[in-house]
Amino acid sequence: MKKIYIYHYTGRNHRYVGRTYRMIQEGSKFHPGPRATRKKVDLAKLTEYRIARFHHREWEYVDDYRGPAWDKVTLTEEQIVKLGPLPDNLTHIKPPHAWSVWKNGKWVQSRKLFRQTKIKALNQIFTAKTRTIGSRADILEAICALARNSTADQDAITKWAGLADYVDKLKAVYDQAKADLAAATTIKELKAIDLSAIAWPEAV
């Protein structure tokens with residue numbers, strides 16, 4: 001008896017999918033069947049991103065990066081739909097953070113981008129807290145308009161002045177948080193600045 005290896009491929013693109021074996025009598029004829037061949041696949045050439053396909057009665061080895069890939073500069077995701085090498089501007093490795101940069105063949109954390117991400121989040125918090133109030137300049141203009149009105153209610157003027165004071169306090173907290181972010185020199189220090197834990201003044 002002799003062991004015969006059979007190499008199987010798919011019907012659509014003839015991609016190698018595995019091998020089996022049969023035990024046959026010495027000298028007997030053997031046909032591997034449909035979508036199979038006795039042509040040996042060099043398994044050492046197969047990797048996570050390289051496949052074998054049966055083409056013109058021979059195995060050829062082709063890069064296969066089909067699926068998601070990420071731009072090394074913009075970090076945007078693209079879909080690779082064709083076989084072949086990966087374009088130089090793309091990587092199949094997903095960036096772990098929005099502040100990742102591609103360097104020496106891998107993603108590394110960028111302190112500059114991480115700081116920008118933190119500042120953007122800080123700006124969103126500050127904007128949300130002042131959106132319904134307006135800027136300090138708008139508040140002062142409202143105070144002046146009330147003061148020019150001889151029938152203005154002093155309580156109304158006091159209320160608007162309180163809003164101006166509240167905005168000043170918000171801005172002071174914002175400026176301090178931004179200064180802390182600017183002073184941080186490492187990713188670890190930047191991560192330690194918890195924007196959700198900032199003690200913002202209570203709304204008036």
Side-chain angles (χ1 to χ4, degrees), residues 1-125 181 184-197:
M1 298 290 285
K2 182 171 69 172
K3 181 186 286 187
I4 299 293
Y5 280 103
I6 309 163
Y7 298 86
H8 303 271
Y9 51 85
T10 62
R12 184 177 180 183
N13 56 19
H14 291 192
R15 177 176 178 170
Y16 170 70
V17 291
R19 70 178 184 178
T20 58
Y21 71 88
R22 299 278 181 85
M23 302 299 295
I24 64 171
Q25 292 286 347
E26 292 281 353
S28 62
K29 292 183 179 181
F30 174 77
H31 187 274
R35 296 191 294 278
T37 179
R38 291 180 60 186
K39 288 273 187 178
K40 183 178 180 180
V41 173
D42 187 347
L43 299 178
K45 291 183 179 180
L46 303 184
T47 66
E48 183 180 1
Y49 296 102
R50 174 165 289 184
I51 65 169
R53 63 178 179 179
F54 199 59
H55 188 61
H56 296 314
R57 299 184 179 277
E58 295 289 342
W59 289 107
E60 62 178 10
Y61 302 90
V62 188
D63 289 333
D64 183 6
Y65 288 94
R66 289 177 296 175
W70 289 266
D71 191 286
K72 295 175 182 177
V73 176
T74 65
L75 278 67
T76 53
E77 182 179 341
E78 299 184 21
Q79 285 293 325
I80 305 298
V81 297
K82 294 182 179 179
L83 293 172
L86 194 65
D88 290 340
N89 66 309
L90 299 179
T91 174
H92 64 277
I93 305 171
K94 183 178 180 178
H97 310 288
W99 54 89
S100 300
V101 293
W102 187 259
K103 187 176 182 180
N104 298 327
K106 63 181 180 180
W107 293 110
V108 298
Q109 297 186 67
S110 165
R111 186 173 65 249
K112 178 181 177 181
L113 289 179
F114 187 55
R115 181 179 288 109
Q116 290 175 354
T117 300
K118 282 272 193 175
I119 290 175
K120 182 179 179 181
L122 177 65
N123 289 342
Q124 289 174 341
I125 296 172
L181 290 171
T185 58
T186 66
I187 290 286
K188 185 177 180 180
E189 290 174 349
L190 284 166
K191 285 182 176 179
I193 301 173
D194 185 1
L195 301 181
S196 65

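Positions are given from 1, in the same order as the sequence printed here. These figures come from a predicted structure and were not determined experimentally.
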remark   = Sorted by chain and number, sequence neighbours left out, ring-ring contact (aromatic ring centres under 6.0 Å, His included) with Tyr49 holds for Tyr65, His92
request  = Check whether any side-chain heavy atom of Arg19 sits under 4.5 Å from a side-chain heavy atom of Leu43, and report yes or no.
outcome  = yes
task = Report yes if the side chains of Trp70 and Leu75 come closer than 4.5 Å at any heavy-atom pair, otherwise no.
result = no
request  = Go through the structure and list residues passing side chain to side chain donor-acceptor pair (under 3.5 Å) with Lys39, not counting sequence neighbours.
outcome  = Glu58
request  = Mind checking salt bridge (Lys or Arg N to Asp or Glu O under 4.0 Å) for Arg53 and listing every partner two or more places apart, or none if nothing turns up?
outcome  = Glu60
task = Using a 4.5 Å cut-off on heavy atoms from C-beta on, say whether the side chain of Arg35 contacts that of Thr10.
result = no
inquiry  = Quick one, Leu195 and Lys118 - any side-chain contact, counting heavy atoms below 4.5 Å?
reply    = yes
ask   = Just wondering, do Tyr61 and Leu46 contact through their side chains at under 4.5 Å, heavy atoms?
value = yes
key: Partner residues of Trp59 under the side chain to side chain donor-acceptor pair (under 3.5 Å) criterion, sequence neighbours left out   = none
inquiry  = Just to verify, what does Arg15 make a salt bridge (Lys or Arg N to Asp or Glu O under 4.0 Å) with, not counting sequence neighbours?
reply    = Asp64
ask   = Under a 4.5 Å cut-off applied to non-hydrogen side-chain atoms, are His97 and Trp107 in contact?
value = no
ask   = Do the side chains of Met23 and Lys2 get nearer than 4.5 Å, heavy atoms only?
value = no
task = Return the set of residues passing salt bridge (Lys or Arg N to Asp or Glu O under 4.0 Å) with Asp71 (not counting sequence neighbours), or none when no residue passes.
result = none
query = Tell me, do Tyr9 and Val41 make a side-chain contact under 4.5 Å, heavy atoms counted?
reply = no
